[in-house]
Structures are given as C-alpha cells and as structure tokens.
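We name chains A, B, ... by the order of the sequence lines, and we start the count at 1 in each one.
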Amino acid sequence: MIQPRTPPGTLELLPRDQLAFQRMQQTIREGFERFGFLPVETPVFEYSDVLLTKSGGETEKQVYFLQSTGALKEGKAPELALRFDLTVPLARYVAQYENQLAFPFRRYQIQRVYRGERNQRGRYREFYQCDIDVVGKDTLPLAYDAEMPAVIAEVFRALDFGPFTIRINNRKLLNGLLRGAGADTPEKRAAALREIDKLEKAGEQKVRDGLTGPEIAMAPEAIDKLLGFMRVGKGDPAVVLAELAKLDVNDELFKQGVAELNTVIEQVGALGVPSGTVAIDLSIARGLDYYTGTIYETVLNDFPGIGSVCSGGRYDDLAGLYTKSKLPGVGLSIGLTRLFFQLQEAGKIKPVENPCAAYVTIVDPELGAECRAMATELRQAGLNVELAAEAGKLGKQLKYAEKVGIRFAVIYASQEKARGAVQLKDLRQNSQRDVPRTELAAAIKSTT
RNA sequence: GCGAUCAUAGCUCAACUGGCAGAGCACAGGACUGUGACUCCUGGGGUUACCGGUUCAAGCCCGGUUGGUCGCCCCA
C-alpha cells in the first residue's frame with residue numbers, strides 16, 4: 001500500500017475547517033470590493049520567460065518549473081513555470097490588455113502561488129495570496145498609497161482578530177539616508193536594506209555586524225547615526241514625522257521620501273483609518289527589490305509571532321519589461337494560508353457549524369418515499385437537508401448526523417405515522433418533540 | 001544551498017542495562033427489538049521507515065539510505 005500523504009508545505013483541511021477558511025476568504029473579498037476593486041484570475045502557470053524577468057537570483061531558485069515528459073526526455077529547458085506571486089502576473093496582465101483596461105486599473109486577486117521553500121514552520125510551498133493593486137498609466141497619485149492601508153484596515157477589522165498595526169515606511173527615505181551614510185551603489189543599498197529589515201528579529205548588534213561587513217562596508221559613525229535614527233523612527237506617525245522634520249539630512253531623495261510619507265499619513269487619517277492602527281516604522285525594508293516608495297507591513301498585535309500577515313508597497317515601473325508604457329503601481333498582499341494556519345494553531349479559528357440544518361432518516365423501508373418527499377419539502381422551504389440513502393438502523397443514522405455536525409434529525413417511521421406527526425430531534429440539545437409535517441420547516445428555522 | 005533533530009498500530013505515545021511489541025483515542029460489533037453524544041464488553045489491525053552490521057538475542061547498539069520536523073538564507 002502507498003502511504004496516503006501530502007507533500008510538505010501544503011495545507012489541507014477537514015470540511016468544517018475548510019468552511020472557516022472560505023469564510024475568511026470571503027470576508028477579504030468583500031473588503032476589497034467595498035473599495036471598488038474588481039476580481040481577476042490568471043493561470044497558475046506562465047511561460048518561464050514571462051515569469052522570470054524581474055525575479056532576480058533568490059526568487060528564481062524557488063520557482064517550480066513545468067515540463068512535459070516528452071520535452072524532458074529531449075533535454076529541453078522547461079517552457080513553463082508556476083507563479084511564485086501575483087504581482088508579476090499582474091504586470092504581464094496589465095501590459096497585455098493595456099488598451100482594454102481603464103486606468104487607474106484596480107484589481108484584486110485571490111489565488112494560490114508556489115514557492116520551492118525548505119520546510120519550515122508556517123511556511124508553505126503552495127499558499128493563497130490575496131492581492132490588491134492599483135496600476136496607473138504614466139503616473140499614479142500618492143492618494144492610492146494612502147488607500148491601501150484603508151482597505152487593509154477595513155479587512156482586518158472585519159476579520160476580527162483583535163487589534164492590528166499597519167506599519168508604513170518609504171524606500172526613498174531609506175535609500176536617501178543610506179546614500180548619505182556611505183552606501184553609494186544600488187547593490188550596497190539593497191544589501192543594507194536587507195540588514196535593516198532584520199533589526200526587530202536579530203537585534204542591533206547583528207545588524208551592525210552586517211553593515212560593517214565586506215559587502216556594505218559602512219563606517220561605524222554612519223551606522224551609529226543610522227541606528228539612532230531607526231530608534232526614533234518608530235511608532236506614532238505624528239511623533240515620528242515631527243522628529244523627521246527636525247533632522248538635517250541634506251539629500252534630495254530623503255526629503256522626497258519624507259514628503260511622501262507626510263502626504264500618505266495625512267490622507268490615511270482622512271480616509272477614516274482609526275488612529276493607533278497605523279504606525280511609521282523606518283526599520284521595515286521588505287526584501288523585494290522592485291519597491292521604490294511607500295512600503296507596508298501589517299502585524300496582529302495579539303500575535304506578534306506570526307510576523308507580517310500583509311505586506312506590499314509602491315513600485316514605479318513593474319511592467320517595464322512587457323511594455324514601453326510606464327505603469328507605476330501600489331499594492332498589498334495578504335498571506336492567507338499562513339495567517340489561517342497560525343490563527344488556527346492559536347485556537348482563534350473555530351470549525352464552522354455544518355450549514356446543513358437537518359438529516360432526514362429512513363427507518364421503515366415502506367415509508368422511504370414519504371421521507372424523501374419530506375426532504376424535498378424542506379429543501380424547497382430553503383433549508384439545507386441531507387437525506388438517508390436507504391432504510392437502516394436509526395442509531396447508525398443518528399451517529400452519522402452527529403459526527404458530521406448536523407443539528408436536527410427528522411424521524412418518520414410507523415410510530416410517527418400512527419401519531420400523525422414527525423419527530424424532530426435536536427442532537428445538540430438532546431431533546432425531541434412531535435411536529436406536524438406542515439410545520440416542520442418552520443420549527444427547524446425558528447431554532448436556528 | 002547550509003545546520004540541528006527525529007522516525008514504533010490510522011492518530012498521540014509507552015516498552016528498564018539489549019530479553020515474548022503495548023496503552024489511550026479512532027474504527028467495527030455487542031450490552032440496548034426504531035435513539036447519537038455518556039458507560040461497560042469484544043474485535044480487527046505491526047516486516048518497529050528502508051538496507052546492512054555487532055550479538056545467543058536488536059524497537060533499543062553501530063554504519064548507510066530515505067523521509068519528516070525545526071532553524072539559517074529568503075519570504076506571505
């Protein structure tokens with residue numbers, strides 16, 4: 001026999017947990033639509049060259065390639081690959097349908113993506129991303145950078161997993177600062193950003209070591225200044241912005257970043273995002289290279305261990321490899337699979353009750369037709385109803401109904417027929433009573 | 001790609017220094033002649049991941065293989 005098992009890094013659920021998962025997904029979908037975003041789906045696999053353009057070395061190592069066995073035998077390079085995020089397919093999509101889309105193009109996309117990761121807790125190789133993005137033509141107002149946190153705030157409010165914090169930062173600000181601190185090439189700055197991103201997890205000393213290392217080689221005084229800066233640049237937006245205004249940094253990029261951050265924070269407030277849910281955090285950097293301005297990370301305050309459950313940012317020219325048009329965008333992605341898994345582990349996800357309201361049993365074979373008719377009546381009354389396939393032991397049928405979590409059992413056999421009623425049994429409350437057949441649906445509805 | 005750790009029934013785990021491979025849960029049947037969830041009884045289930053070695057004797061000791069898990073890198 002073959003061991004029944006799933007490859008590691010995949011999430012599979014029992015039906016009632018699956019319902020809970022889908023309910024979360026639905027809440028997210030409704031939140032996105034509340035802001036006027038429209039759905040899009042793209043294929044799970046794409047041409048390899050389309051997918052790999054912008055990825056860079058690290059991501060490419062994690063890409064699953066797809067190849068027919070025929071091509072494999074001929075030793076050909078794989079033509080297809082599984083998508084590893086939804087942003088790159090979006091770029092392709094926008095470039096491909098550019099002349100049919102209205103700009104700014106607002107879409108949401110909730111689909112699975114694939115990454116060849118090493119096994120690790122809460123890390124998946126197949127997982128859901130829930131993306132929203134706005135893509136502009138030539139330009140995209142900063143107002144959209146402010147809309148993103150507003151959408152996310154609404155979604156996480158509706159998901160109801162307690163308080164959360166949307167952390168905001170700006171790459172320009174960081175890059176300007178790093179440039180002033182001696183990271184004079186884009187490569188050095190990218191490496192420095194990755195170091196800074198570790199600040200919370202690894203601590204100051206580790207980051208200091210990384211920044212002094214051969215790759216970046218930043219001067220100790222510059223690092224002191226930078227880390228000091230990170231310390232004040234965290235928390236209440238008004239306070240951080242006031243601190244930033246006081247700083248005397250003579251760098252255009254830095255100043256532009258600060259100005260953008262000011263605008264975004266101001267507009268986020270105007271969009272009704274509760275104060276306290278948004279914070280500035282200059283230490284978040286996001287590993288992905290394509291972000292150029294605003295960047296976001298969201299954490300659940302009660303579950304700091306989960307890490308960022310939603311992140312994204314602004315990218316000036318993502319579709320540059322697919323079209324000559326300049327298409328700047330800003331977007332965010334919720335990592336639903338990990339979020340669900342971690343919350344479930346923390347006991348915050350309860351299996352959803354079986355939406356099937358009643359199980360119609362069949363005890364006497366000669367009354368089977370009437371039982372079947374009764375199930376149909378209940379369904380026509382708008383109830384979800386499961387029906388026994390054939391007459392059998394009542395105990396077995398009740399046990400089954402109990403196990404799948406159906407609350408009511410309907411029993412109609414010779415005794416009930418003699419009494420001229422139907423027995424309605426509440427398996428949860430351990431009670432039963434006779435109900436006229438015509439009032440059965442109403443009786444079930446009134447208790448649910 | 002690197003490191004650590006583990007592998008016994010469908011699941012969770014026992015088995016002393018190497019000495020007959022077990023329990024709970026789950027499943028099936030019964031106690032209960034139309035009544036689940038509680039209680040009691042009975043039952044099926046195993047090449048102890050795989051291959052080799054040491055030994056009178058290996059689940060246990062040694063070597064290898066495969067796989068899982070947890071970290072690093074990176075990320076949702």
Polar side-chain atom of A:R189 near backbone of A:R179 as donor-acceptor pair, under 3.5 Å:
no

Considering only atom P, compute the distance from B:rC13 to B:rU8 and round it to an integer number of Å.
9 Å

Taking C-beta and beyond as the side chain, do A:P328 and A:D317 meet within less than 4.5 Å on heavy atoms?
no

Nearest-angstrom distance, C1' atom, B:rG45 to B:rG52
30 Å

Does the side chain of A:Q429 reach to within under 4.5 Å of the side chain of A:R407, using non-hydrogen atoms?
yes

Which dot-bracket string describes RNA chain B (Watson-Crick N1-N3 plus N6-O4 or O6-N4, or G-U N1-O2 and O6-N3, all under 3.5 Å; [ ] crossing; | other strand)?
(((((((..((((.....[..)))).(((((.......))))).....(((((..]....))))))))))))....

B:rU66 versus B:rA76 - spacing of their P atoms, nearest Å
32 Å

Categorize A:R118 for me: base, sugar-phosphate, or nothing, with a 4.0 angstrom heavy-atom threshold over every strand shown.
base

Pairwise P distance, B:rU65 and B:rA26 [rounded to whole Å]:
41 Å

Side chain to side chain donor-acceptor pair (under 3.5 Å) partners of residues 307-316 of chain A, not counting sequence neighbours, each pair once
A:D133-A:Y315, A:D145-A:R314, A:R286-A:S311, A:T292-A:D316

Name the atoms and distances for all side-chain donor-acceptor pairs under 3.5 Å in residues 147-164 of chain A, with sequence neighbours left out.
unit_1: A:E147; atom_1: OE1; unit_2: A:R106; atom_2: NH1; d: 2.8
unit_1: A:E147; atom_1: OE1; unit_2: A:R106; atom_2: NH2; d: 3.4
unit_1: A:E147; atom_1: OE2; unit_2: A:R106; atom_2: NH2; d: 2.8
unit_1: A:E154; atom_1: OE1; unit_2: A:R157; atom_2: NE; d: 3.2
unit_1: A:E154; atom_1: OE2; unit_2: A:R157; atom_2: NH2; d: 3.0

Can you tell whether the side chains of A:K399 and A:E402 come within less than 4.0 Å, N to carboxylate O?
no

Pairwise C1' distance, B:rC38 and B:rC25 [rounded to whole Å]:
16 Å

Without decimals, in angstroms, what is the distance between A:Q25 CD and B:rA76 C1'?
15 Å

Below 3.5 Å is the cut-off: list the nitrogen or oxygen pairs between protein and nucleotides 6-13 of chain B, distance only.
none

Please list, in numerical order, the residues of residues 332-346 of chain A that have a heavy atom closer than 4.0 Å to any atom of RNA chain B.
A:G335, A:R338

I need the full list of side chain to side chain donor-acceptor pair (under 3.5 Å) pairs touching residues 327-341 of chain A, with sequence neighbours left out, sorted by first then second residue.
A:D131-A:S333

Identified ring-ring contact (aromatic ring centres under 6.0 Å, His included) counterpart of A:Y128 within the set A:Y114, A:F21, A:F340
A:F21

Rounded to the nearest 0.5 Å, how far apart are CD of A:Q96 and OG1 of A:T42?
10.5 Å

Spacing between A:E416 atom CD and B:rU35 atom P, to the nearest angstrom:
12 Å

To the side chain of A:R123, which of B:rU35, B:rC74, B:rG1 is closest?
B:rC74

Given the P atoms of B:rG59 and B:rG18, what is the spacing between them in whole Å?
13 Å

Dump the pairs, protein N or O against N or O of nucleotides 36-46 of chain B, anything under 3.5 Å, distances to one decimal.
unit_1: B:rG36; atom_1: O6; unit_2: A:N430; atom_2: OD1; d: 2.0
unit_1: B:rG36; atom_1: N1; unit_2: A:L427; atom_2: O; d: 3.0
unit_1: B:rG36; atom_1: N2; unit_2: A:L427; atom_2: O; d: 2.2
unit_1: B:rA37; atom_1: N1; unit_2: A:N430; atom_2: ND2; d: 2.9

Could you give the distance separating B:rC61 and B:rG19 at their P atoms, to the nearest angstrom?
11 Å

A:V309 vs A:R121, nearer the 5' end of RNA chain B by closest nucleotide
A:R121

Without swapping roles, check the side chain of A:R125 against the backbone of A:P8 for a donor-acceptor pair under 3.5 Å.
yes

Ignoring hydrogens and angles, are the base of B:rU35 and the side chain of A:Q397 linked by a donor-acceptor pair under 3.5 Å?
no

Just by distance, no angles: are the side chains of A:R118 and A:Q120 close enough, under 3.5 Å, to form a donor-acceptor pair?
no

Any residue in residues 26-44 of chain A with a heavy atom nearer than 4.0 angstrom to RNA chain B? Just list them by number, or reply none.
none

From CG of A:N119 over to C1' of B:rG68, roughly how many Å is that when rounded to an integer?
8 Å

Could you measure between the two C1' atoms, the one in B:rA21 and the one in B:rC60, and give it in whole Å?
12 Å

Applying ring-ring contact (aromatic ring centres under 6.0 Å, His included) to A:Y97 and not counting sequence neighbours gives A:Y93

Can you tell me the distance, in whole Å, between the OH atom of A:Y124 and the P atom of B:rC70?
9 Å

Rounding to a whole Å, what distance do you find between A:D85:CG and B:rC75:P?
12 Å

Sequence neighbours left out, what passes side-chain hydrogen bond (donor to acceptor under 3.5 Å, both in side chains) with A:E46? Give chain and number order.
A:R92

Dump the intermediate steps for side-chain hydrogen bond (donor to acceptor under 3.5 Å, both in side chains) on A:R29 and A:Y108, then the final yes or no.
CA-CA 8 Å; A:R29 185 180 300 275; A:Y108 76 86; 3.2 Å; yes

Nearest whole Å is fine: how far is B:rC75 P from A:E195 CD?
12 Å

Pair up each side-chain donor or acceptor in residues 341-348 of chain A with any protein partner under 3.5 Å, not counting sequence neighbours, and list the distances.
unit_1: A:E345; atom_1: OE1; unit_2: A:R121; atom_2: NH2; d: 2.8
unit_1: A:E345; atom_1: OE2; unit_2: A:R121; atom_2: NH2; d: 2.5

Any base atoms under 4.0 Å from A:E297, or only sugar-phosphate, or nothing? Heavy atoms, all strands.
nothing

Spacing of A:I132 atom CD1 relative to B:rA76 atom P, expressed in whole Å:
15 Å

Protein-nucleotide distance (A:K198, atom NZ; B:rC72, atom P), rounded to Å
10 Å

Are the side chain of A:D281 and the backbone N or O of A:K234 linked by a donor-acceptor pair below 3.5 Å?
no

Can you figure out which of B:rC74, B:rU69, B:rA76 approaches the side chain of A:S308 most closely?
B:rA76

Show me the donor-acceptor pairs within less than 3.5 Å that the side chains of residues 365-375 of chain A make with the rest of the protein, sequence neighbours left out.
unit_1: A:E370; atom_1: OE1; unit_2: A:R437; atom_2: NH1; d: 2.8
unit_1: A:R372; atom_1: NH2; unit_2: A:A389; atom_2: O; d: 3.2

Ring of A:F127 versus six-membered ring of B:rA76: centres under 5.5 Å and planes under 30°?
yes

If you go through the side-chain atoms of A:Q120, does one of them form a donor-acceptor pair with the base of B:rU69 closer than 3.5 Å?
no

Apply side-chain hydrogen bond (donor to acceptor under 3.5 Å, both in side chains) to A:E30 and A:Q26, showing your working.
CA-CA 6 Å; A:E30 284 164 7; A:Q26 184 59 21; 3.1 Å; yes

